[in-house]
Novice: 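What follows is a single structure, and I will ask about it in a moment.
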Amino acid sequence: MLVILVNNVLNDLNVLTIIPYLILTLGFFRILFTMDERLNKLEELHKMKIDPYPYKYERTHTFAELKKGFDKLSQAEETVASCGRILAVRGHGKTVFATLADETSKMQVYLRQDKLGDGFKIFELFDIGDFIGVKGNIFKTKTGEITILVSDFAILAKSLRSLPEKWHGLKDIEIRYRKRYLDLIVNPEIREIFKKRTRLVGLIRRFFDDHGFVEMETPILQPIYGGGEANPFKTYYNALERDMYLRIADELYLKRLIVGGYEKVYEICRDFRNEGIDRFHNPEFSMIEVYQAYTDYEGIMGLVECFMEYLLDNLTDSRTMVFCDREVEFKRPFKRIKYTEALNEKLGFDILSAKGGELDQSCRTHGIDHKVLSTGAKIDKLFGELIQKHIIEPTFVIDHPKVISPLAKVHRKDDRLVERFEFIVFGTELANAFSELNDPVEQRKRFETQLAQKEEGINEIDEDFLEALEYGMPPTGGLGIGIDRLAMVLLNQPSIRDVILFPQLRREK
RNA sequence: GGGUCGUUAGCUCAGUUGGCAGAGCACCGGAUUUUUAAUCCGGUGGCCACAGGUUCGAAUCCUGUACGACCCA
């Protein structure tokens with residue numbers, strides 16, 4: 001069809017006008033040439049009144065079902081109908097072996113001219129990558145492979161481009177990310193990873209449902225962004241004639257629900273942060289936030305211990321976890337270390353009473369660019385560099401300085417600290433939790449301090465949230481878990497892009 | 001934002017000191033009725049990422065740009 005179309009266009013133009021046209025559309029022509037053979041076959045199918053893109057196929061068995069039910073099906077000589085994509089073809093003149101794949105498995109099919117008659121020739125119009133349906137009986141070849149002896153077959157969708165190589169697969173990491181569908185076709189282990197990720201999210205949901213939590217849905221488009229420290233993506237709402245932000249967290253909305261009387265809520269949410277992309281960061285990422293009334297961070301720590309054990313038992317069948325060639329065991333209670341004690345020991349002075357000069361000096365010593373950072377940010381960088389990086393075993397780091405935790409409740413025994421923990425394993429933060437700040441007067445002060453520390457006063461205080469707190473929020477424990485990082489660690493994938501189907505990349509040239 | 005490395009056929013990769021652009025798979029033609037990375041014979045396919053520079057001569061050396069990976073911020 002395309003070939004005819006292009007021929008017509010060429011006939012309508014004289015040679016001189018064609019030349020620049022040819023140069024301009026070189027890319028288009030190159031695609032045409034590479035697809036030429038397949039387009040011819042497509043044309044051939046049309047001529048034979050065979051629809052290369054039919055509407056459906058009645059399948060009796062998936063390939064996995066055929067393999068599982070082989071004894072019964074072969075004994076009964078039952079005619080089966082299956083379908084899938086052609087992955088390999090081995091022609092032998094008057095017979096053909098082909099390997100097909102559906103979602104469940106691969107399957108060999110065997111076509112013989114003496115069985116198919118004139119229809120046998122039609123298979124010559126099929127290519128690797130095409131979807132086909134086959135009917136026939138299953139048997140074992142002399143090498144013992146379960147195979148369908150085909151009595152009838154049909155094209156289900158013609159493929160116009162050749163797939164990446166069958167043996168080496170697709171390795172180019174850029175193409176794997178940009179054209180994930182190719183990665184999924186030729187690298188079955190990648191399909192397995194994303195299936196496991198889906199199973200993981202299902203387990204997370206089941207765990208919290210089973211523990212009496214209710215899943216909620218809160219706004220992704222927010223008039224004021226909050227609940228974290230990050231630059232937002234900004235958009236404009238025409239009908240309301242105002243700027244809106246894609247959420248960086250859903251904390252402040254879930255807390256409104258606790259004010260509203262729910263006692264156990266969670267949301268599995270996609271959050272958006274307008275910041276750098278690297279091995280641990282994608283601008284859109286998945287979180288689960290959990291809030292439970294009448295408990296504190298101690299209660300949440302217990303919940304996290306149960307949660308991790310539940311995931312390991314149901315996802316990997318083992319209480320050990322391997323990530324980047326290191327192995328750890330999960331045994332409760334998890335280790336606890338105090339944030340300030342660990343950091344003070346490394347630094348040799350007390351960060352809570354430190355002078356600015358001491359902090360700056362330490363930053364310089366450890367290669368941290370301290371000039372543009374707030375005190376809190378300096379402390380957190382030092383912590384990341386000196387402590388977090390080296391924590392491999394599952395560990396709760398607890399009791400953070402107040403300056404770096406504007407939404408957490410002051411520690412009951414030390415008012416310079418808050419009741420907070422981060423759950424760290426393999427040097428990676430998997431969870432962050434507080435005894436939630438529910439004192440509206442204190443919360444307002446913290447927001448004001450936070451706003452004053454910002455260089456650009458872009459964001460405003462969420463008055464509606466403060467008003468909600470003023471109506472009263474019960475004591476509450478809150479938890480946030482980064483699902484992508486959790487997936488990385490549980491599935492032993494070194495980059496966040498390996499657990500996100502379509503990671504963000506720059507635009508192609 | 002900075003540093004290091006990479007980009008060669010649809011895919012996986014070679015390419016020597018700067019001297020004709022290569023292989024395997026895929027594709028096309030031929031042989032082949034139990035193969036399975038089928039095999040055998042023959043063939044097509046390249047803006048060597050892009051733009052400059054050095055040179056008699058550049059995939060190769062130099063500069064810049066784009067995209068990607070890793071590290072740092």
Side-chain angles (χ1 to χ4, degrees), chain A residues 22-27 29-41 44 86-101 105-117 120-121 123-130 136-150 159-179 182-183 185-187 275-281 324 363-364 366-373 377-378 380-382 384-385 389 427 493-498 503-509:
Chain A
L22 265 177
I23 294 167
L24 280 169
T25 57
L26 214 103
F29 274 88
R30 258 190 67 211
I31 292 166
L32 268 190
F33 287 136
T34 52
M35 300 198 305
D36 208 24
E37 286 297 335
R38 289 176 182 231
L39 285 170
N40 287 342
K41 289 176 182 173
E44 207 52 44
I86 302 175
L87 287 191
V89 177
R90 298 176 289 279
H92 295 267
K94 295 188 177 67
T95 67
V96 172
F97 285 96
T99 306
L100 307 189
S105 180
K106 289 183 183 175
M107 175 61 68
Q108 177 165 265
V109 298
Y110 183 38
L111 295 86
R112 297 173 61 102
Q113 192 182 46
D114 58 9
K115 193 156 177 71
L116 292 162
F120 181 76
K121 278 214 297 282
F123 196 81
E124 286 171 18
L125 300 174
F126 292 7
D127 288 290
I128 290 171
D130 291 358
N137 300 316
I138 55 174
F139 72 106
K140 274 187 186 166
T141 62
K142 66 182 183 190
T143 54
E145 177 154 358
I146 294 172
T147 301
I148 303 176
L149 177 60
V150 176
S159 160
L160 297 183
R161 290 177 187 264
S162 53
L163 289 176
E165 208 225 359
K166 62 182 172 188
W167 188 240
H168 298 93
L170 180 65
K171 287 190 176 165
D172 186 314
I173 204 158
E174 189 175 344
I175 303 177
R176 286 189 41 224
Y177 293 152
R178 285 194 198 278
K179 303 184 193 299
L182 288 179
D183 194 22
I185 292 169
V186 301
N187 299 325
E275 297 183 352
I277 299 174
D278 64 29
R279 209 151 68 76
F280 292 96
H281 297 88
C324 294
C363 285
R364 271 194 294 275
H366 298 102
I368 293 161
D369 179 14
H370 58 278
K371 295 200 182 79
V372 294
L373 298 178
K378 284 175 202 166
D380 219 31
K381 290 269 179 203
L382 283 168
E385 189 62 29
K389 229 166 117 175
Q493 296 299 311
S495 168
I496 198 168
R497 297 178 202 101
D498 296 321
Q504 291 295 344
L505 300 176
R506 281 172 206 276
R507 97 170 53 113
E508 271 179 293
K509 299 161 287 187

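In what follows, chains are A, B, ... by sequence order, proteins preceding strands, each numbered from 1.
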Novice: Any strand is fair game: report the nucleotide pairing with B/A21 by Watson-Crick or G-U wobble, both distances under 3.5 Å, or none.
Specialist: none
Novice: Take atom CZ of A/Arg161 and atom C1' of B/A26, then tell me their distance rounded to the nearest Å.
Specialist: 15 Å
Novice: Is any side-chain heavy atom of A/Phe123 closer than 4.5 Å to one of A/Val89?
Specialist: yes
Novice: Tell me the interatomic distance from A/Leu163, atom CG, to B/U12, atom C1', rounded to whole angstroms.
Specialist: 15 Å
Novice: Using atom P of each nucleotide, how far apart are B/G22 and B/U16 to the nearest Å?
Specialist: 13 Å
Novice: Could you state the OH-P distance from A/Tyr177 to B/G6, rounded to the nearest angstrom?
Specialist: 19 Å
Novice: So which nucleotide from B/U34, B/U12, B/C70 ends up closest to the side chain of A/Ser495?
Specialist: B/C70
Novice: Does a side-chain N or O of A/Arg38 approach OP1 or OP2 of B/C27 to a distance below 4.0 Å, or not?
Specialist: no
Novice: Base, sugar-phosphate or nothing for A/Lys179? Non-hydrogen atoms, less than 4.0 Å.
Specialist: nothing
Novice: What pair of heavy atoms forms the shortest contact from A/Leu182 to A/Pro164, and how long is it?
Specialist: CD2-CD, 4.0 Å
Novice: Hey, does the side chain of A/Arg90 come within less than 4.0 Å of B/A38's phosphate (OP1/OP2), counting only N and O?
Specialist: yes
Novice: Taking the P atom in each of B/A26 and B/U63, what is the distance between them to the nearest angstrom?
Specialist: 41 Å
Novice: Which nucleotide, B/G24, B/C28, B/U35, lies nearest any side-chain atom of A/Asp127?
Specialist: B/C28
Novice: Which one is paired to B/A51, where only Watson-Crick or G-U wobble pairs with both distances under 3.5 angstrom count?
Specialist: B/U63
Novice: With P as the reference atom in both, quote the distance from B/C28 to B/G68 in angstrom, rounded to an integer.
Specialist: 34 Å
Novice: Return yes if some donor-acceptor pair links the side-chain N/O of A/Asp130 with the main-chain N/O of A/Ile86 below 3.5 Å, else return no.
Specialist: no
Novice: Provide the closest heavy-atom pair for A/Arg176 versus A/Lys171 in the form atom of the first, atom of the second, distance.
Specialist: CD-O, 4.0 Å
Novice: What distance, rounded to whole Å, do you find between the two C1' atoms, one in B/C72 and one in B/G10?
Specialist: 37 Å
Novice: Does the structure show a Watson-Crick or G-U wobble partner for B/G57, both distances under 3.5 Å? Name it, or say none.
Specialist: none
Novice: Any side-chain N or O of A/Lys389 under 4.0 Å from OP1/OP2 of B/C71?
Specialist: no
Novice: Would you say A/Lys142 reaches B/U35's phosphate, i.e. side-chain N/O to OP1/OP2 under 4.0 Å?
Specialist: yes
Novice: Using a cut-off of 4.0 Å on non-hydrogen atoms, how would the nucleic acid contact of A/Phe139 be classed: base, sugar-phosphate, or nothing?
Specialist: base
Novice: Could you tell me the Watson-Crick or G-U partner of B/U4, where both distances fall under 3.5 Å? Say none if there is no partner.
Specialist: B/A69
Novice: Given that both distances must come in under 3.5 Å, which nucleotide forms a Watson-Crick or G-U wobble pair with B/G46?
Specialist: none
Novice: What integer number of Å spans the C1' atoms of B/G6 and B/C48?
Specialist: 14 Å
Novice: To the nearest Å, give me how far apart CD1 (A/Ile173) and C1' (B/C67) are.
Specialist: 14 Å
Novice: Locate the shortest heavy-atom distance separating A/Met107 from A/Ile146; write the atom from each residue and the value.
Specialist: SD-O, 3.6 Å
Novice: Does a nitrogen or oxygen in the side chain of A/Arg178 sit under 4.0 Å from OP1 or OP2 of B/G68?
Specialist: yes
Novice: Taking NZ, NE, NH1 and NH2 as the nitrogens, is one of them in A/Glu385 or A/Lys381 under 4.0 Å from a carboxylate oxygen of the other?
Specialist: no
Novice: Measure from NE2 on A/His92 to C1' on B/U35 and round the result to the nearest Å.
Specialist: 4 Å
Novice: Taking atom C1' in both B/G46 and B/A14, what distance in whole Å separates the two?
Specialist: 15 Å
Novice: Could you identify the nucleotide paired to B/A38, looking across every strand shown and requiring Watson-Crick or G-U wobble geometry with both distances under 3.5 Å?
Specialist: none
Novice: Distance check needed: B/A49 P versus A/Ile175 CD1, whole Å only.
Specialist: 14 Å
Novice: Can you confirm whether A/Tyr110 sits close enough to A/Arg112 that some side-chain heavy atom of one is under 4.5 Å from a side-chain heavy atom of the other?
Specialist: yes
Novice: Could you tell me whether the phosphate oxygens of B/C11, OP1 or OP2, come under 4.0 Å of any side-chain nitrogen or oxygen in A/Lys171?
Specialist: no
Novice: Using heavy atoms to find the nearest nucleotide of RNA chain B for A/Gly169 and A/Lys166 separately, return the residue whose nucleotide is more 5′.
Specialist: A/Gly169
Novice: Ignoring hydrogens and geometry beyond distance, is the side chain of A/Glu145 in donor-acceptor contact with the base of B/U35 at under 3.5 Å?
Specialist: no
Novice: With rounding to whole Å, what would you report as the distance between B/U39 and B/G24 at their P atoms?
Specialist: 12 Å
Novice: Closest nucleotide of RNA chain B for A/Lys381 versus for A/Ala88: which of these residues is on the 5' side?
Specialist: A/Ala88
Novice: Do we see a donor-acceptor contact under 3.5 Å between the side chains of A/Tyr177 and A/Asp498?
Specialist: yes
Novice: Measure from the side-chain heavy atoms of A/Arg506 and tell me the nearest of B/C67, B/U34, B/U12.
Specialist: B/C67
Novice: Is it the case that B/U35 (base atoms only) and A/Thr141 (side chain only) share a donor and an acceptor within less than 3.5 Å, ignoring hydrogens and angles?
Specialist: yes
Novice: Send over the distance from A/Asp278 CG to B/A69 C1', rounded to a whole Å.
Specialist: 12 Å
Novice: Are any of A/Arg279's side-chain N or O atoms less than 4.0 Å away from OP1 or OP2 of B/C72?
Specialist: no
Novice: Among B/A37, B/C27, B/A69, which nucleotide sits nearest the side chain of A/Glu37?
Specialist: B/C27
Novice: Rounded to whole Å, please give me the gap between CD in A/Glu275 and C1' in B/A73.
Specialist: 13 Å
Novice: Taking a pair as Watson-Crick or G-U wobble with both distances under 3.5 Å, which nucleotide is matched to B/U33?
Specialist: none
Novice: C1' atom, B/G19 versus B/U32: distance in rounded Å?
Specialist: 44 Å
Novice: Under 4.0 Å: is that the gap between some side-chain N or O of A/Arg112 and OP1 or OP2 of B/U34?
Specialist: no
Novice: Are any of the side-chain nitrogens in A/Glu37 or A/Lys41 under 4.0 Å away from the carboxylate oxygens of its partner?
Specialist: no
Novice: NA contact type, A/Asp172, heavy-atom cut-off 4.0 Å: base, sugar-phosphate, or nothing?
Specialist: sugar-phosphate
Novice: Considering only B/A69, B/C28, B/C25, which nucleotide approaches the side chain of A/Leu505 most closely?
Specialist: B/A69
